Amino acid sequence: MKKIKYLLLFGSVMLAIASCHKLDLPPKGILDDAALLGSEDGVKTYLADAYMHLPIEDFSYYVDQGFKYGNNDWDASKSWLMGIDGEAVGWEGGVNGGGFGYWPYDKIREINNMLEKFPAYKSNFTEDVYNSLLGEAHFLRAFYYFGLVKRYGGVPIIDTVLSPTADSASLAVSRATESDCYKFIQSDLQFAMDNMAATSELGRANKFAAAALMSRAMLYAATIAKYGSYTTSSPDPAAKAGYVGIPASEAQDFFTAAYNAADFFDTQNSPYELVGENAADKEQNYVDLFLNDKSAENILIRQYVAGNNLFYHSYDGSVSPAGDFSNWPGSEAYPSLESVELFQKLPIENADGTPRRYDDKNQLFQQGLEPRLLATVYFSGMTLRGKTFDVKRGFYRTYNGTMADAQDGVGTAPINSPSNRTIATARYQTDPALNGGAVAGLHGMWGGIENNTVTGFFIRKYVNYNMTQAQAAGNSSYQSWIVFRYAEILLNKAEAAYELGKKQEAYDLIARIRNRAGATVWTPKAAPASVYVINGQTVDENLQFIRDERGRELMFENQRWWDLRRWRVADKVLNQTRLHGLMPYYVLNEKKYIFIREYNTDGKTYTFNVRDYYEPIPGGEINKDPNLIQNPIY
């Protein structure tokens, strides 16, 4: 991406030069096709804008506002994807189904223009360079279409440059079926895989990035075909036309395409690998994985550049509490207990159901938890930038009961009566029962949301621990976003393999992921029970474990939301869901700490309506193109 930004600068300089030679380059201030498409640097300059606006849900992505290019606000965490899929508790507590109107046909038009005119300059290039640049354009177009299709289902396929002066009838392009859109993406990516170079500059795609997108996109298509409910016999006009829904008969072909794309990495001797499979320190290896631009696991990254006033983000200021860990208003997204427990059950409860006692509340994270979990989530007692996370909810005078007696922390539970439990309502609140000691920890929990964990945890993945507290401010973070990494390829392959009946291969791939993570060995069930039956298709315990491994490995990488949608389980997982936190309490008469599973203190209920599997086609586009049929239930 840094290279791309230099190319954008290069383009600006060329524009300036052009304006200085009024008699040489008509029309004034505009580069002609020969300047842009006649050289390798020119083509890269041309494609830089397409890279810049790729639909990548990164640090700068807003659920309700969309993609922020080059001017992120500090409070992005208020509407991150992780805040609506249950991975974290943040500002957002669900979705409203409205989307934000993503419709990037101006960018698709730029790519189509290049694809149409570039062949005229073929003689200026070696065959390898020409083919690779052509493949790169196909990859970028596929990326844009995937960003559209995973939101809306079928959209108009426009692969030529439409003239704005053409008659209105020819400009009113109808939607293609969802299936045909995925096949169009497949065709573009296959061209890219066949023609692009095997290596590329940092921030630019190569044939393995195309294969990575192919494996991801085809997995989307396959699961929608298998688990989706819309068919052409549905009464809704969009479903009847195939704009939403893919025939179930096509599921196997799409799963095969996903599997083959992942297998491409092996058959074509890719340079990518699962970094740190034999690392002595699994936790630190996983922490550093997300801070190393040049990791052998990174297939494609989006770069941010220190010292550049456009390409920055606010991740460190947005997930770390101010005062001790950051220099900005502070953290606003916190891992849910459901996310933490996706890794393993925490040692907080005895066999008889009573809370386990600890001498110190910070001992919990020292109980042999999975290294990958510790690298993903900050627990109370862990350190960052020379300071220690301090989390406590309050104290019980006595706790003679089971975990269940707390009833998820509700105030009406007898054991939670004010005469027995005191919970903090302010940061520095003290209590005579504690001899004037603090009721809550410095970093929660006492109410509110900013700077005060509402779940008992903070996010660690992607946090740049090398920054000082003063540096961790708004608009001051520059770590890259990893668009594709090799671990996802293995997960894509495992899921596709299982769906294709290659179960042992799927188990071996999951074992490899878990070994790198330092996780315990997983033994598949010989007779797995059903977890879900969706559209007549059974998801058994082994497939669910494979899916959950994606949740663990890819947590806070903005993939969970799309996975829940394509699996068609979002309306079940997020059905009137209240997420939990884990609350440390001091038990006064025992001088011990316990951890109580409670509803998070933010109090939001997460919802997902069936209609939200597809976003509505933007109303403005329907007004311009009467042939666009709206999605169901909108």
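Note that the structure is predicted; figures quoted are calculated from it, not measured.
The closest side-chain donor-acceptor pair between Ser314 and Asn475 falls under 3.5 angstrom.
Side-chain atoms of Ser320 do not come within 3.5 Å of backbone N or O of Ser326 as any donor-acceptor pair. A donor-acceptor pair under 3.5 Å links the side-chain atoms of Gln479 to the main chain of Tyr462, judged by distance alone. For the pair Asn451 (side chain) and Ala322 (backbone), a donor-acceptor distance under 3.5 Å is present. The closest donor-acceptor contact from the side chain of Asp281 to the backbone of Gln284 lies under 3.5 Å. Side-chain atoms of Lys282 come within 3.5 Å of backbone atoms of Asn515 as a donor-acceptor pair (strictly under, hydrogens ignored). Listed for the Arg385 side chain is a donor-acceptor partner under 3.5 Å among the backbone atoms of Met467. Side-chain atoms of Thr455 come within 3.5 Å of backbone atoms of Pro335 as a donor-acceptor pair (strictly under, hydrogens ignored). Not one N or O on the side chain of Asp602 forms a donor-acceptor pair closer than 3.5 Å with the backbone of Lys604. Looking only at distances, no side-chain donor or acceptor of Asp316 sits under 3.5 Å from a matching main-chain atom of Ser477.
The cationic group of Arg372 does not satisfy the cation-pi geometry with Phe343, failing either the under 6.0 Å distance to the six-membered ring centre or the 45° limit from the ring axis. Within the cation-pi definition used here (under 6.0 Å to the ring centroid, within 45° of the axis), Arg568 does not qualify as a partner of Phe608. Remark: Lys387 fails to qualify as a cation-pi partner of Phe325 under the 6.0 Å distance and 45° angle criteria applied to the six-membered ring.
Expressed to the nearest 0.5 Å, how far CD of Glu341 lies from CD1 of Ile348 amounts to 6.5 Å. Here the CG-CH2 distance, from Asp293 to Trp481, works out to 14.0 Å after rounding to the nearest 0.5 Å. To the nearest 0.5 Å, the span separating CG on Leu289 from CD1 on Ile482 amounts to 5.5 Å. Separation of atoms CD1 (Ile534) and NZ (Lys226) is listed at 10.5 Å; rounding is to 0.5 Å. Taking CG of Asp58 as the start and CZ of Arg302 as the end, the distance is 5.0 Å to the nearest 0.5 Å.
Heavy-atom contacts from other residues, nucleotides or ligands closer than 6.0 Å to CG of Asp266 number more than 12.
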Residues Asp390, Lys361; criterion salt bridge (Lys or Arg N to Asp or Glu O under 4.0 Å); working and verdict: CA-CA 9 Å; Asp390 176 19; Lys361 61 183 169 54; 2.6 Å; yes

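Scored by the salt bridge (charged side-chain N to carboxylate O under 4.0 Å, His left out) test, Arg578 finds no partners at all (sequence neighbours excluded). Under the rule for a side-chain hydrogen bond (donor to acceptor under 3.5 Å, both in side chains), the partners of Thr468 that lie at least two apart in sequence or sit in another chain are Gln471. Looking at residues two or more places apart in sequence or on another chain, you find no salt bridge (charged side-chain N to carboxylate O under 4.0 Å, His left out) involving Lys392. The salt bridge (charged side-chain N to carboxylate O under 4.0 Å, His left out) check on Lys525 picks up Glu541, with sequence neighbours excluded. The side-chain hydrogen bond (donor to acceptor under 3.5 Å, both in side chains) search around Thr354 returns Asn350, Asp352, not counting sequence neighbours. Not counting sequence neighbours, the partners of Ala210 by the side chain to side chain contact (heavy atoms under 4.5 Å, CB included) test are Phe139, Leu189, Ala192, Met193, Met196. Looking at residues two or more places apart in sequence or on another chain, you find a side chain to side chain contact (heavy atoms under 4.5 Å, CB included) between Gln469 and Asn327. Looking at residues two or more places apart in sequence or on another chain, you find no side-chain hydrogen bond (donor to acceptor under 3.5 Å, both in side chains) involving Tyr586. Take Ala406 and apply the side chain to side chain contact (heavy atoms under 4.5 Å, CB included) test, not counting sequence neighbours, and it matches Tyr396, Tyr399, Asn416, Ile596. Scored by the side-chain hydrogen bond (donor to acceptor under 3.5 Å, both in side chains) test, Tyr585 finds Arg421, Glu598 as partners (sequence neighbours excluded). Taking Ala487 as the reference, Leu274, Glu297, Arg485, Ile513, Arg516, Glu553 meet the side chain to side chain contact (heavy atoms under 4.5 Å, CB included) condition, with sequence neighbours excluded. Remark: Arg514 pairs with Glu549 by the salt bridge (charged side-chain N to carboxylate O under 4.0 Å, His left out) rule, at least two apart or across chains.
Tested against Phe458, the residues Phe379, Phe389, Phe556, Phe365 include a single ring pair (Phe, Tyr, Trp, His ring centres under 6.0 Å) partner, Phe389. Only one option out of Phe484, Tyr486, Phe265 pairs with Phe208 in a ring pair (Phe, Tyr, Trp, His ring centres under 6.0 Å); it is Phe265.
Between Arg560 and Glu338, no side-chain nitrogen of the basic residue sits less than 4.0 Å from a carboxylate oxygen of the acidic one, so the salt-bridge criterion is not met.
Between Thr376 and Tyr286, some side-chain heavy-atom pair lies under the 4.5 Å cut-off.
Here the closest non-hydrogen pair linking Met583 and Val454 is CE-O, 3.9 Å.
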